There are 2 protein chains.
Amino acid sequence: MDGVPQPTIERLVIYYRYLKKLVAHDDDKVISSLDLGHSVGVSAAQVRKDLSYFGEFGCKGVGYNVSNLKKSLEQILGFNQNWPIVLVGAGNIGRALVNYPGFKVMGLNIIAIFDCDLDKIGNRVGGLIVKSNKEIERVIKDKGVELAIIAVPVDEAQGVAEKLVKAGIKAIWNIAPVTLKLPDNVLVYYEDLASSLVTLTYRLSQKRLKARSN
Amino acid sequence: MDGVPQPTIERLVIYYRYLKKLVAHDDDKVISSLDLGHSVGVSAAQVRKDLSYFGEFGCKGVGYNVSNLKKSLEQILGFNQNWPIVLVGAGNIGRALVNYPGFKVMGLNIIAIFDCDLDKIGNRVGGLIVKSNKEIERVIKDKGVELAIIAVPVDEAQGVAEKLVKAGIKAIWNIAPVTLKLPDNVLVYYEDLASSLVTLTYRLSQKRLKARSN
DNA sequence: GAACTTTAGAGAATATTTTCACAAAAAAAG
DNA sequence: CTTTTTTTGTGAAAATATTCTCTAAAGTTC
């Protein structure tokens, strides 16, 4: 079951959130691809195609059972699994992520936070106490953690990444704006906050130019 | 000069950061698409194609002049312009963004931060004092701001978005995990932290399945 | 200065992702 | 019970994005 487009996975998460809201409000028992798509800013065809990669979840002439579809998405996306995660970097962004409310429902559990700054080690962040980077390897091996978040300054990111991989980490979500050099078997995703914003300013400039030329 | 792929813009930011580092270290006067690409995890062909959307910046048989290419990217991406930005939401993520060091070099300046929580209004965040949401419209109009960041809880996002648009905002970067319903002429980009992480766990599961089936 | 090496730029070919269009199933209407 | 409406699932078509391939220019070697 591969060949699923990258963007499809991200949209499934968005569908899931909306369905969860519907279930909570008991608003609706059934929803069409048109309504679901419209609610989350996606075309109906896109919704159906996204789901079709994983099976048949709807009923022709009717739509999708909200509660069942939600459960199916949980299954597909692995929300019923527990994903222990370690986070390195107890700066502003690291602390924000520990407290981010959206992770837990998806099985994403930050179980430890590390920093090399003595002023931060020992501090409480969310429900966790910041540990020294020296403990990274021990914790990862003890708990069998495969997923890590890097939220350290740019200069430290590569070193931290190597340490994590050595300890057994298989996938890294890197918030530091720098490309990591790691073995091919390690999955790395980049969250580049500045580049997202720049895309916006770029498009805004484009729109201005177009408007001026009319 | 449209028809530029979305991912190209994001990669240009990444090239820029690397070139900036080179210039600072005075490491190199000239760089080939192969070396630049290799350094940031992109193919040489991709680097050349990305740049080719905007003109000719290199020299055959030689490569790109690092300092000139950096300047060209600044021009293309609008880093020499000033982009005043307002941020709504002085929670953990909002505070982290105000203090994020990567924005200023790209001309991105958060000039005001708002919240509706009386406990937060008046607090200092970075160099700014948190203002009441009631002042949003006045500040946006006074300063002619076109760009806004929404970092409020899900339930408040739509209301805040409408307020921003009414005040004249043309583009929104939305960190709240909810789809906004806004007029088509407003640009909206979503930064969905959970969905990025879920993509990672999903790919990790896929790899496990594949490994097991071998 | 001729032969060789390096490397950008660009068009063609691939690959990926999205949209379209329609058959078939379910429900509703008459 | 037949017709009409609704809506899924899917293969084909279109749009988007990436990689390949080759030409030509610049530099280097002999």
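Side chains included, hydrogens not; waters and symmetry mates left out as well; all remaining heavy atoms used. Chain letters run A, B, ... following the sequence lines, proteins first and then strands; every chain starts at 1. Because the structure is predicted, anything quoted here is derived from the model rather than measured.
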Engineer: List the atom pairs, donor and acceptor, that lie under 3.5 Å between side-chain atoms in residues 89-96 of chain B and the rest of the protein, sequence neighbours left out.
Structural biologist:
unit_1	atom_1	unit_2	atom_2	d
B:N92	OD1	B:R95	NH2	3.1
B:R95	NH1	B:A90	O	2.9

Engineer: May I ask you to verify if any side-chain N or O of B:R11 is less than 4.0 angstrom from the OP1 or OP2 atom of D:dA17?
Structural biologist: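 So the side chain of B:R11 is outside the cut-off, no N or O lying under 4.0 Å from OP1 or OP2 of D:dA17.
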Engineer: What is the distance, to the nearest angstrom, from the CZ atom on A:R48 to the C1' atom on C:dA21?
Structural biologist: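 Spelled out: CZ on A:R48 to C1' on C:dA21 is 10 Å.
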Engineer: Check the distance between C:dA8's C1' and B:L36's CG and give it to me in whole angstrom.
Structural biologist: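 Rounding to the nearest Å, CG of B:L36 and C1' of C:dA8 are 13 Å apart.
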Engineer: What residues, two or more places apart in sequence or in another chain, satisfy ring-ring contact (aromatic ring centres under 6.0 Å, His included) together with A:Y100?
Structural biologist: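 So A:Y100 forms a ring-ring contact (aromatic ring centres under 6.0 Å, His included) with A:F103.
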Engineer: With A:I169, which of A:I136, A:I85, A:L164, A:L182 fulfils side-chain contact (heavy atoms from CB on, under 4.5 Å)?
Structural biologist: A:L164
Engineer: Give the nucleotide from the list C:dC20, C:dA8, D:dT10 with an atom nearest to the side chain of A:A45.
Structural biologist: C:dC20
Engineer: Within this structure, what is the CD1-to-P distance between B:I9 and D:dT16, rounded to whole angstrom?
Structural biologist: 15 Å
Engineer: Counting side-chain heavy atoms from C-beta on, which of D:dT8, C:dT19, C:dA8 comes nearest to A:K49?
Structural biologist: C:dT19
Engineer: Between C:dT16 atom P and A:Y53 atom OH, what is the distance in whole Å?
Structural biologist: 11 Å
Engineer: Can you name the salt bridge (charged side-chain N to carboxylate O under 4.0 Å, His left out) partners of A:K70, sequence neighbours left out?
Structural biologist: A:E74
Engineer: So, taking the atom named OG1 in B:T179 and the one named CZ in A:R17, what distance separates them when rounded to the nearest 0.5 Å?
Structural biologist: 8.5 Å
Engineer: Under 4.0 Å from OP1 or OP2 of C:dT17: is there any side-chain N or O of A:Q46 that close?
Structural biologist: no
Engineer: Please set out all donor-acceptor pairs under 3.5 angstrom arising from side-chain atoms of residues 143-161 of chain B, sequence neighbours excluded.
Structural biologist:
unit_1	atom_1	unit_2	atom_2	d
B:E146	OE1	A:R208	NE	3.4
B:E146	OE1	A:R208	NH2	2.2
B:Q158	OE1	B:K181	N	2.9
B:Q158	NE2	B:E162	OE2	2.6
B:Q158	NE2	B:K181	O	2.9

Engineer: If I take atom CG in residue A:L69 and atom P in nucleotide D:dT8, what distance separates them, rounded to the nearest angstrom?
Structural biologist: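 A:L69 atom CG is separated from D:dT8 atom P by 11 Å.
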Engineer: Could you work out which one of C:dT7, D:dT8, D:dT18 sits closest to the side chain of A:S32?
Structural biologist: D:dT8
Engineer: To the nearest angstrom, how far is A:I31 atom CD1 from D:dT8 atom P?
Structural biologist: 10 Å
Engineer: Any side-chain N or O of B:Y64 below 4.0 angstrom from OP1/OP2 of C:dG9?
Structural biologist: yes
Engineer: Which nucleotide, C:dA10, C:dT19, D:dG9, lies nearest any side-chain atom of A:S43?
Structural biologist: C:dT19
Engineer: Mind calculating the distance between CZ (A:F54) and P (D:dT10) to the nearest angstrom?
Structural biologist: 14 Å
Engineer: A:D184: which residues meet the side chain to side chain donor-acceptor pair (under 3.5 Å) condition with it, sequence neighbours left out?
Structural biologist: none
Engineer: Of the nucleotides D:dT8, C:dG9, C:dT18, which one has an atom closest to the side chain of A:S33?
Structural biologist: D:dT8
Engineer: Tabulated below should be each protein N or O lying under 3.5 Å from an N or O of nucleotides 24-30 of chain C; please produce it.
Structural biologist:
unit_1	atom_1	unit_2	atom_2	d
C:dA26	O4'	A:K60	O	3.1

Engineer: Measure from CG on B:L34 to C1' on D:dC20 and round the result to the nearest Å.
Structural biologist: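 Atom-to-atom, B:L34 to D:dC20, this comes out as 15 Å.
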Engineer: Between B:G63 and A:P5, who's closer to the 5' end of DNA chain C by nearest nucleotide?
Structural biologist: B:G63
